[in-house]
Amino acid sequence: MSARSSIPQALGLFGFLGFLLLTANLGNLEWQDAYVATLLDGLRGDQACPFTIWFTGAAPFLAATLVGIGAVVALRRGATLVDVCRVLILLAVGLLFVEGLKLVIDRARPGGLLQHPTASSSFPSGHVANAALCVASAIALVYRARGRSDRVRVGTVGAGSLFVLAVAFTRVYLGLHWLSDVAGSMLLGVSFGGVLSARPMVRRRFFAALGLLGLPVLYLTAACGVHVAIPSPAAQGEPHAGASPSVSRSTRATSSSRSGTTSPT
């Protein structure tokens with residue numbers, strides 16, 4: 001394995017370690033989350049940008065479309081249907097893992113339960129994780145057909161990265177997630193991309209362990225009603241744990257401007 005081909009795997013490892021480190025230090029990052037939320041609250045005002053509302057709602061469909069385009073490109077370049085299906089299965093396992101994390105982890109969103117009474121945990125962001133994992137899958141599909149870099153793959157990496165960043169921004173901008181929520185999801189996406197770039201044997205063993213052990217443990221834990229509470233600036237029902245209460249005000253305005261078109265995933 002060349003040094004160049006090992007770079008994505010090294011980034012994947014650092015991404016996973018970064019996710020663990022971030023999760024362990026969320027309590028120390030509350031003031032950064034509160035600061036960014038207050039800053040964007042002032043930027044948003046009483047009326048959110050309509051495009052951001054549409055974009056965050058359409059993000060899951062756009063992410064799925066990107067995967068579909070990657071699959072078509074891979075097939076046109078000579079990849080087999082089995083190759084494409086393998087990536088799609090790995091994507092499904094990754095998305096189920098993220099959803100399992102959200103079922104087990106308990107973190108209040110900006111505005112607390114008052115603004116999101118039926119929403120899942122704030123950490124990690126489901127929208128951003130979905131976008132990041134789909135982009136990683138699309139890159140893997142394009143790369144799978146050729147063992148070298150080309151314009152299509154470079155374009156997929158560039159456009160996909162901008163797409164994930166845009167989704168992350170809208171989630172924080174609309175007061176649906178903290179900055180650390182979307183950062184954690186992006187780190188998961190980097191980690192997932194690293195695993196997809198690993199050798200087939202390593203990749204199969206990793207996802208077999210994740211699918212046969214990790215997912216059952218997560219969902220069984222959630223089914224038993226066990227939740228892991230982690231720090232949130234919205235603790236005690238306050239949006240910023242003593243900072244500015246403006247986030248709650250603007251979240252109400254955002255909720256009314258959304259008119260039910262966005263999902264607090």
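This structure is a prediction, so every number in the text was calculated from the model and none was measured.
Remark: the backbone N or O of Ala108 is paired with a side-chain donor or acceptor of Ser232 at under 3.5 angstrom. A donor-acceptor pair under 3.5 Å is formed between the side chain of Lys102 and the backbone N or O of Pro124. Panel note: side chain Tyr35, backbone Glu30; no donor-acceptor pair is recorded below 3.5 Å. In this structure, Arg171 contributes its side chain and Val128 its backbone to no donor-acceptor pair below 3.5 Å. In this structure a side-chain-to-backbone donor-acceptor pair under 3.5 Å is missing from Ser191 to Leu187. Remark: side-chain polar atoms of Ser197 are paired, donor with acceptor, to backbone N or O of Gly194 under 3.5 angstrom. Proximity of a side-chain donor or acceptor of Thr65 to a complementary backbone N or O of Phe61 within less than 3.5 Å is detected.
At least one side-chain heavy atom of Leu91 sits under 4.5 Å from a side-chain heavy atom of Cys134. The side-chain heavy atoms of Phe163 and Phe55, taken from C-beta on, include a pair separated by under 4.5 Å. A heavy-atom distance below 4.5 Å is found between the side chains of Ser137 and Leu196. Inter-residue side-chain proximity for Val172 and Val36 is flagged as met; some heavy-atom pair is nearer than 4.5 Å. Within the 4.5 Å cutoff, no side-chain heavy atoms of Val104 are placed close to those of Val226. Under the 4.5 Å side-chain criterion, counting only non-hydrogen atoms from C-beta, Thr52 is not in contact with Arg44. By the 4.5 Å heavy-atom criterion applied to side chains, Arg86 and Ile89 are not counted as neighbours.
Hydrophobic clustering (ILVMFWY, side-chain heavy atoms < 4.5 Å, transitive): Leu133 and Leu20 are in one cluster. Hydrophobic clustering (side-chain heavy atoms under 4.5 Å, transitive across Ile, Leu, Val, Met, Phe, Trp, Tyr) groups Leu43 together with Leu176. Grouping the Ile, Leu, Val, Met, Phe, Trp and Tyr side chains by contacts below 4.5 angstrom, directly or via other members, places Val164 with Phe51. Note: the hydrophobic cluster containing Phe97 also contains Val228 (ILVMFWY, side chain heavy atoms under 4.5 Å, direct or indirect links). Note on Val167 and Leu62: same hydrophobic cluster, where clusters join Ile, Leu, Val, Met, Phe, Trp and Tyr whose side-chain heavy atoms are under 4.5 Å apart, directly or indirectly.
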Inset, instruction - Begin from the C-alpha positions of Leu218 and Leu103 and carry the test side chain to side chain contact (heavy atoms under 4.5 Å, CB included) through to its verdict. - result: CA-CA 8 Å; Leu218 277 176; Leu103 292 174; over 6 Å; no
Inset, instruction - Show the numbers, then the answer: is there a side chain to side chain contact (heavy atoms under 4.5 Å, CB included) between His227 and Thr221? - result: CA-CA 8 Å; His227 300 283; Thr221 301; over 6 Å; no
Legend entry - Steps toward side chain to side chain contact (heavy atoms under 4.5 Å, CB included) verdict (Cys49, Ile53): CA-CA 7 Å; Cys49 173; Ile53 299 172; over 6 Å; no
Inset, instruction - Evaluate the criterion side chain to side chain contact (heavy atoms under 4.5 Å, CB included) for residue pair Asp106 and Ile230; output intermediate values, then yes/no. - result: CA-CA 6 Å; Asp106 182 15; Ile230 58 177; over 6 Å; no
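For Ala129 against Ser185, the heavy-atom pair with the smallest separation is N-CB, 3.5 Å. Between Ala63 and Ala131, the shortest heavy-atom contact is CB-CA, 4.1 Å. Considering every non-hydrogen atom in both Leu96 and Leu215, the closest pair reads C-CD2, 3.7 Å. Considering every non-hydrogen atom in both Ala71 and Val84, the closest pair reads CB-CG1, 3.7 Å. Nearest heavy-atom pair across Ser122 and Trp178 is OG-CD1, 3.7 Å. Contact between Val67 and Leu141 at its shortest, heavy atoms only, is O-CD1, 3.7 Å.
For the ring-ring contact (aromatic ring centres under 6.0 Å, His included) test with Phe19, the passing option among Phe123, Phe192, Phe14 is Phe123; the others fail. The only option from Asp33, Thr23, Asn25 that meets the side-chain hydrogen bond (donor to acceptor under 3.5 Å, both in side chains) definition with Ser180 turns out to be Asp33.
With rounding to the nearest 0.5 angstrom, the OG1 atom of Thr156 is 8.5 Å from the CD1 atom of Ile69. Rounding to the nearest 0.5 angstrom, the gap separating the CZ atom in Phe169 from the CG atom in Leu179 is 11.5 Å.
Electrostatic pairing of Arg109 and Asp181 does not count as a salt bridge here, judged by no charged N lying under 4.0 Å from a carboxylate O.
Heavy-atom contacts from other residues, nucleotides or ligands closer than 6.0 Å to CZ of Phe16 number 12 or fewer.
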